[in-house]
Amino acid sequence: MAGGVVSSANPETARLRRRLVGQSGWAGLVANQRVFFIAVFASLGGLLYGYNQGVFSGVLSMTSFDNRMASVVDHSGPKGWFVAILELGAWFGVLVTGYLADKLSRKYTIVLAVCVFCVGVIVQSAAFHPSSIFGGRFITGMGVGSLSMAVPLYNAELAPPEVRGSLVALQQLAITFGIMVSFWIDYGTNFIGGTHQSQSEAAWRIPLALQLVPAITLGVGILAMPFSPRWLVNNGREDEALAVLSQTRGLPPDSEIIQIEFLEIKAQYIFEKEISLSKYPHLQDASFRSDFKLGALDYLSLLRTRTLLYRVALATLTMFFQQWTGVNAILYYAPSIFKDLGLTGNTISLLATGVVGIVMFLATIPAVIWVDKSGRKPLLVSGAFIMAACHIIIAILTGLFHKSWDSHRAAGWAACVLVWIFAMAFGYSWGPMAWVVVAEIWPLSVRGKGVSIGASSNWMNNFIVGQVTPTMLTHIGFGTFLFFGVFSFLGGVFILFFFPETKGLTLEEMDDLFGASESLAAEDQARLADINRRLGLDQYAGSEKEQDEKREIA
């Protein structure tokens, strides 16, 4: 992600910084209360994203919503658009967020995204006709897509490098927590006025409107947060950036660790400017036209270099297979699926859906803790094959008993359990790991563009899955599970044979891994090393060597 981790070209400086900071990971978050508070608060963006993903599945199955929106809900094609229109809006929101985050700041982009999101939520919550749901969900999607990029970007730039990995983990946990909460709120509000024809419309309006609570909290609270120090440096406000680093770390501005981190941020800014100048010297007048051309040319550069084109293919296909595992078909249509599997009664199907949220949330915890020990490929491959097996067995059970679930209750519950196992497999594998591998395969100079391509692939495929799933369930029935099972299996094969293991590799090693004839990352690091020397970062490397010499003498 643009402005993410900077790999210092000076290993002695990096070692000194880590020694001065102390603990990293979860322990580092607890030790640094200011950063931990920012991390917890920023995770509201993830909770909002997850809640929005899950809440509509329960709403779709509610009697009062069906009565109000029957012209759409009772027809598989329009019903798919009800769900998928949000992803289409999110895809658009992702595409514009990079520009807005640079121009408005990360902080104000989050505020703008929250405002857009709230408008969409209000339109949906007050809807009396399907057109309001369509329009409201598209607007809400724009906000969700923007937040899905802007919040992690802000979070990553404000956090010390030593705890950034844990903040990514916290964000993913917040997403699955939001999904879990939304399922159980749907289950609870389903009882308002009764669960059948007497059901009040508050049963579905309340869970939709409740999205405003974390959204407004995030939008208002972020105003009290500092600007991103990276954005401040990019806009020539270096004194403010230094003050923000000092405040958030709880250390004086002239302390070594603050000075190192500040100079590293400045070094990355200069690095990106020099890369742009060397590649496109005729587009440096800072006009809108030149900035637009620079962005377009940077994206085109990903297609002109063989090794980068290979990585574009890996990123887009990884997100393609993540969505075509059928996970969002489960999240969006879980109550309907459980009814089709023989769980009679809307209350029981919503209860079963709530368990999906719990098991996915719990399964995410070990993944984000152990990913750097176990590697990426084992988690992705095993998760894909488990999901494929679940889909295929469910397809077999449904094919055999879909006309006689009442007399084969055990088979129905077995299929239900397999849906839960599927959710667990996704939670520890493709949920967090797809984003990890897509973010780490790029050289520093094109990382922001590369991650944005992966994100846009995710949302576009999410849109397609949401749109076609109801039609598939209506017309091919159990074949839907077989279809997603095949794609889950192919996703595992794709990772197994085409995606190299990236655990623990440096940027230079990543280029070797992808067969680059010229190491783009090595060139990037050489340029960054020169910038570090010009900024005086070498003096901190020297202090590290002096400390080592003193310890050896002692």
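Index from 1, following the sequence. Because only heavy atoms are used, hydrogens play no part in the values below, and waters and symmetry mates are left out as well, while side chains stay in.
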Answer yes or no on whether Arg137 is positioned over the face of Phe463, meaning its NZ or CZ is under 6.0 Å from the six-membered ring centre and within 45° of the axis. no
For a quick check under 3.5 Å, do Thr325 and Ser488 share a side-chain donor-acceptor pair by atom type? no
Please check if the side chain of Thr480 supplies one atom and the backbone of Met472 the other of a donor-acceptor pair under 3.5 Å. yes
Test your reading of the model: is there a side-chain donor-acceptor pair from Thr364 to the backbone of Met360, 3.5 Å cut-off? yes
Once you round to the nearest 0.5 Å, how far does CD1 of Ile175 lie from CG of Leu47? 9.5 Å
As an exercise, state the distance from CG of Asn462 to CD of Glu87, rounded to the nearest 0.5 Å. 4.0 Å
Side-chain heavy atoms of Asn52 within contact of Gln211, under 4.5 Å: yes
Please confirm whether the backbone N or O of Pro226 pairs with a side-chain atom of Lys107, one donor and one acceptor, at under 3.5 Å? no
Ring centroids only, cut at 6.0 angstrom: are Phe422 and Trp430 within range, meaning strictly under it? no
Note, Ile185 side chain near Leu210 side chain (heavy atom, < 4.5 Å): yes
Heavy-atom pair with the smallest gap, counting every atom of Tyr269 and Arg230: CA-NH2, 4.5 Å
Measure the CG-CD1 distance between Leu86 and Ile139 for me, rounded to the nearest 0.5 Å. 11.0 Å
Quick one: side chain to side chain donor-acceptor pair (under 3.5 Å) partners of Ser456, sequence neighbours excluded? none
Decide yes or no for Leu88 and Met460: does some side-chain heavy atom of the first lie under 4.5 Å from some side-chain heavy atom of the second? yes
Can you tell me how far the CG atom of Leu245 sits from the CD1 atom of Ile258, to the nearest 0.5 Å? 5.5 Å
Within a strict 4.5 Å, meaning less than it, do heavy atoms of the Leu104 and Leu112 side chains meet? yes
Using the six-membered ring wherever Trp is involved, compare the ring planes of Trp324 and Phe484 and label them parallel, tilted or perpendicular (cut-offs 30° and 60°). tilted
Any donor-acceptor pair under 3.5 Å from Ser457 side chain to Thr316 backbone: yes
Student check: side-chain heavy atoms of Leu232 and Leu242 closer than 4.5 Å: no
Check Ala203 against Thr189 and note the closest heavy-atom contact, atom names and distance. O-OG1, 2.9 Å
Locate the shortest heavy-atom distance separating Gln322 from Ala434; write the atom from each residue and the value. NE2-CB, 3.7 Å
Arg376 (side chain) donor-acceptor with Val437 (main chain) under 3.5 angstrom: no
Whether Ser146 side chain and Gly143 backbone form a donor-acceptor pair below 3.5 Å: no
For the residue pair Tyr187 and Trp184, does the interplanar ring angle fall in the parallel (under 30°), tilted (30 to 60°) or perpendicular (over 60°) class? perpendicular
Using a cut-off of 6.0 Å, state whether more than 12 heavy atoms not belonging to Phe92 lie near its atom CZ. no
For the student: nearest non-hydrogen atoms of Gly219 and Val111, plus distance: O-CG2, 3.7 Å
Is Ile358 close to Trp420 at the side-chain level, that is, under 4.5 Å between some pair of heavy atoms? no
Please work out whether the ring planes of Phe227 and Tyr108 are parallel, tilted or perpendicular, with thresholds of 30° and 60°. perpendicular
Any side-chain heavy-atom pair from Phe320 and Asn458 closer than 4.5 angstrom? no
Just verifying a value: how many Å separate Glu201 CD and Ile192 CD1, rounded to the nearest 0.5 Å? 12.0 Å
Between the side chain of Ser125 and the main-chain N/O of Ile122, is any donor-acceptor distance below 3.5 Å? no
Side chain to side chain donor-acceptor pair (under 3.5 Å) involving Tyr428 - partner list, sequence neighbours excluded: Ser382
In terms of heavy-atom contacts, Val465 and Ala329 come closest through CG1-N, 4.1 Å
Could you tell me the separation between the CZ atom of Phe117 and the CG atom of Leu218, rounded to the nearest 0.5 Å? 10.0 Å
Look at the side chain of Asn190 and the backbone N and O of Asp186, then say whether any donor-acceptor pair between them is shorter than 3.5 Å. no
Could you tell me which non-hydrogen atom of Val438 sits nearest to which non-hydrogen atom of Met319, and how far apart they are? CG2-CE, 4.1 Å
Are any non-hydrogen side-chain atoms of Tyr51 and Pro214 less than 4.5 angstrom apart? no
Any donor-acceptor N/O pair, Ser246 side chain to Leu251 backbone, under 3.5 Å: yes
When you check the side-chain N and O atoms of Thr140 and Gln124, is any donor under 3.5 Å from an acceptor? yes
